[in-house]
Amino acid sequence: MLNKTKLTLIGAGPAGSLLAIYLAKRGFHVDIYERRPDMRKTPISAGRSINLAISTRGIHALREAGVVDAIMKIAVPMKGRMMHAVSGELTFQRYGKDDTEVIYAVLRSELSMALMNEAEKYPNVKIHFNERCTGMDFKTGEIELRDDDIIGHARKARTEVVIGTDGSASAIRMDMLKAGRFNFSQQYLEHGYKELTIPAGPNGEYKIEKNALHIWPRKTYMLIALPNIDGSFACIFFFPFEGDPSFASLDHEVKVLDFFKTQFPDVVPLMPNLLENYFSNPTGAMVTIKCAPWHIDGKALLLGDAAHAIVPFFGQGVNCAFESCAYLAECIDQHGNDWQKIFAEFENLRKVNTDAIAELALKNFVEMRDLVADPKFLFKKKVEQALQQKYPTIFVPKYSMVTFHRLPYSVALSRGKIQDRILAELCESIDRIEDLDWDKAERLIKNDLRMPQTQ
Ligand SMILES: Cc1cc2nc3c(=O)[nH]c(=O)nc-3n(C[C@H](O)[C@H](O)[C@H](O)COP(=O)(O)OP(=O)(O)OC[C@H]3O[C@@H](n4cnc5c(N)ncnc54)[C@H](O)[C@@H]3O)c2cc1C
């Protein structure tokens, strides 16, 4: 049975398409307006095919929507980090406690296309391509739409309820900003990123370990590589915009090649298109966006990156957006068609948690690019593992709480801070696991963490 409210989503990215499925299942008629042409029919531009890591929160939301199998078909499991030293030495660090705790690599474009296919299976979902929303009048509910390929093409469409899933440069958010009493902050990183590729071998084989997220940590910058299903790896080079070395200073083929040969010697033979990729792919910026309120008059809501863009270093942007889709659906189930109430409750449940993952993601950049190669940090990780084995329901590593559990991000953040303090105290004057003071560990854990972690 069709529900009477017609819902309009702006943006058919991962969040918009998954949300459409949740809403269609509840009987709503959903129109999605997507700025770009249909990427299933038009090739996407080079250098815009980020590979995302999907983990427990995202998978849970996909399962609830009944689409997890469609996504798992295009995903590659990654069991841990494979660190590459300049010397070529490899160190593997497992992500979870065993092979049941893995994360999955999937190309963002493949993910979006698979979710669009799933959404379009519902007769009450319609995706309109080449329709860029340029603004919304919150009084009348009218949105303005343009086709970027046709000069002067603009039209208005009437809406009942709009959900802006239009990413970090959200047009709906821009108009909320103009409406007044709207808090907004954006903080750019001094680093940018560029996509590079390790192609598959001649028979489609993986040239480096398939089931790992590869990291070349180099203190102030890093390169990472995630496996694709076709045997290739999507790589991301995180590097400062300015300074030396930086994207600004590596401005010539000879400089780039010399730099890669010195810093990433094992990668150069694997990347025959390094120079072409480096100079033709765009350099992306990374930003943390916070805003509030996320909704206006029960007429419009922001969800996903539109409400809370975060830097990518905890691999949680899309997982967080998917989790939000499931939360919004629960709020709808509770409050029917009272959109003011639904949106207020949704924001109340999510904002504190999206702020928490924003903070966690910023901190994880330092861990990934710098600390993973630091012997002290690696020793702390060993102690952390030992504590987890002894107190599996109380002492759960921060990475696991975020990645393999669904407890609120804010709880992961606060428990993580306490655990960091405990680890620092226990590791202060030892460098061998045999010297760990277990009595002290027991005392600190029982005193400071007390409650077992749930979910
Ligand atoms: C380098 C990098 C690595 C990342 N790695 C991970 C990771 O490992 N794991 C993870 O979970 N997340 C990761 N992320 C974050 C993830 O990509 C985002 O959180 C996710 O794409 C957000 O989904 P979304 O649907 O909210 O927004 P988007 O993916 O930005 O989709 C927005 C959609 O709206 C459309 N649109 C935009 N403006 C308009 C408009 N005005 N009118 C109509 N349509 C519009 C766009 O074309 C797009 O289709 C990474 C991000 C980056 C940059």
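Numbering of ligands and ligand atoms starts at 1, following listing order.
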- Task: Would you please say whether a donor-acceptor pair under 3.5 Å links the side chains of Glu345 and His335?
- Result: yes
- Which protein non-hydrogen atom lies closest to atom 47 (O) of ligand 1, naming both residue and atom, and how far is it? Glu34 OE2, 2.6 Å
- Heavy-atom nearest neighbour of atom 18 (C) of ligand 1 within options Ile310, Leu115, Asp305: Asp305
- So, is Ala321 polar-close to ligand 1, with some N/O to N/O distance under 3.5 Å? no
- Query: When you check the side-chain N and O atoms of Thr134 and Glu144, is any donor under 3.5 Å from an acceptor?
  - Reply: yes
- Query: So which heavy atom in the protein is nearest atom 6 (C) of ligand 1, and how far is it from that ligand atom?
  - Reply: Leu52 CD2, 3.3 Å
- Message: Please list, in number order, the atoms of ligand 1 under 4.0 Å from a heavy atom of Ala171.
- Response: 41 (N)
- Counting each atom of ligand 1 from 1 as listed, which ones have a heavy atom of Gly304 under 4.0 Å away? 26 (O)
- Task: Could you tell me whether His295 and Phe346 have their ring centroids closer than 6.0 angstrom?
- Result: no
- Got the closest protein heavy atom to atom 42 (N) of ligand 1, with its distance? Cys133 N, 2.9 Å
- Item | Close-contact set for ligand 1 against Thr165 heavy atoms, below 4.0 Å | 32 (C), 33 (C), 34 (O)
- Report, in ascending order of atom number, the atoms of ligand 1 lying under 4.0 Å from any heavy atom of Glu131. 43 (C)
- Closest approach of Met116 to Ala12 (non-hydrogen atoms, all atoms of both residues): CE-O, 3.5 Å
- Distance (rounded to the nearest 0.5 Å) between Met271 CE and Asp266 CG: 9.5 Å
- How far is atom 52 (C) of ligand 1 from its nearest protein heavy atom, and which residue and atom name does that atom have? Ile50 CD1, 3.7 Å
- Can we say Arg132 and Asp148 salt-bridge, meaning some charged N sits less than 4.0 Å from an Asp/Glu carboxylate O? yes
- Answer yes or no: does atom NZ of Lys219 have more than 12 heavy-atom neighbours from other residues, nucleotides or ligands under 6.0 Å? no
- Task: Would you mind running through ligand 1 and noting each atom that sits below 4.0 Å from a heavy atom of Tyr193?
- Result: 1 (C), 53 (C)
- Given side chain to side chain donor-acceptor pair (under 3.5 Å), test Ser410 with Asn353 step by step and report yes or no. CA-CA 5 Å; Ser410 55; Asn353 291 304; 2.8 Å; yes
- Query: Any chance the side chains of Asn130 and Arg146 put a donor and an acceptor closer than 3.5 Å?
  - Reply: no
- With only distance considered, is Arg35 within less than 3.5 Å of ligand 1 through an N or O on each side? yes
- atom 21 (O) of ligand 1 has as its nearest protein heavy atom Arg108 NH1, 3.4 Å
- Query: Which ligand 1 atoms, with their elements, are less than 4.0 angstrom from a heavy-atom of Arg36?
  - Reply: 47 (O), 48 (C), 49 (O)
- Would you call Glu347-Lys351 a salt bridge at under 4.0 Å N-O? no
- Item | Residue and atom name of the nearest protein heavy atom (relative to atom 37 (C) of ligand 1), distance in Å to one decimal | Asp166 O, 3.2 Å
- Query: Is it true that the side chains of Lys194 and Thr283 contain a donor and an acceptor less than 3.5 Å apart?
  - Reply: yes
- Item | For atom 24 (P) of ligand 1, the option (of Ser109, Ala15, Gly13) bearing the nearest heavy atom | Ala15
- Query: With atoms numbered from 1 as shown, which atoms in ligand 1 lie under 4.0 angstrom from a non-hydrogen atom of Ile10?
  - Reply: 42 (N), 43 (C)
- Hey, does Pro14 sit under 4.0 Å from ligand 1 if you only count heavy atoms? yes
- Given Gly317, Ala309, Gly164, which one has a non-hydrogen atom that is nearest to atom 15 (C) of ligand 1? Gly317
- Note on the structure: Checking Phe238, Phe259, Phe241, Tyr193 against Tyr221 for ring pair (Phe, Tyr, Trp, His ring centres under 6.0 Å), the one that qualifies is Phe259
- Task: Indicate yes or no: does an N/O atom of Gly315 lie under 3.5 Å from an N/O atom of ligand 1?
- Result: yes
- Aromatic centroids of Phe239 and Trp216 separated by under 6.0 Å: no
- Query: Near Tyr33, which atoms of ligand 1 are under 4.0 Å from a heavy atom of that residue?
  - Reply: 43 (C), 44 (N)
- Task: Could you tell me whether Ile236 approaches ligand 1 through its side chain, its backbone, both or neither, with non-hydrogen atoms closer than 4.0 Å?
- Result: side chain
- Query: Of all the non-hydrogen atoms in the protein, which one sits nearest to atom 11 (O) of ligand 1, and at what distance?
  - Reply: Val318 N, 2.8 Å
- Does some side-chain heavy atom of Phe129 sit less than 4.5 Å from a side-chain heavy atom of Lys41? no
- Query: Is a side-chain donor-acceptor pair under 3.5 Å present for Gln186 with Ser168?
  - Reply: no
- Query: Are any of the heavy atoms in Glu195 under 4.0 Å away from ligand 1?
  - Reply: no
- Task: Identify the protein heavy atom lying closest to atom 8 (O) of ligand 1, giving its residue, its atom name and the separation to 0.1 Å.
- Result: Ala53 N, 2.7 Å
- Task: For ligand 1, find out whether one of its N or O atoms is nearer than 3.5 Å to an N or O atom of Asn319.
- Result: yes
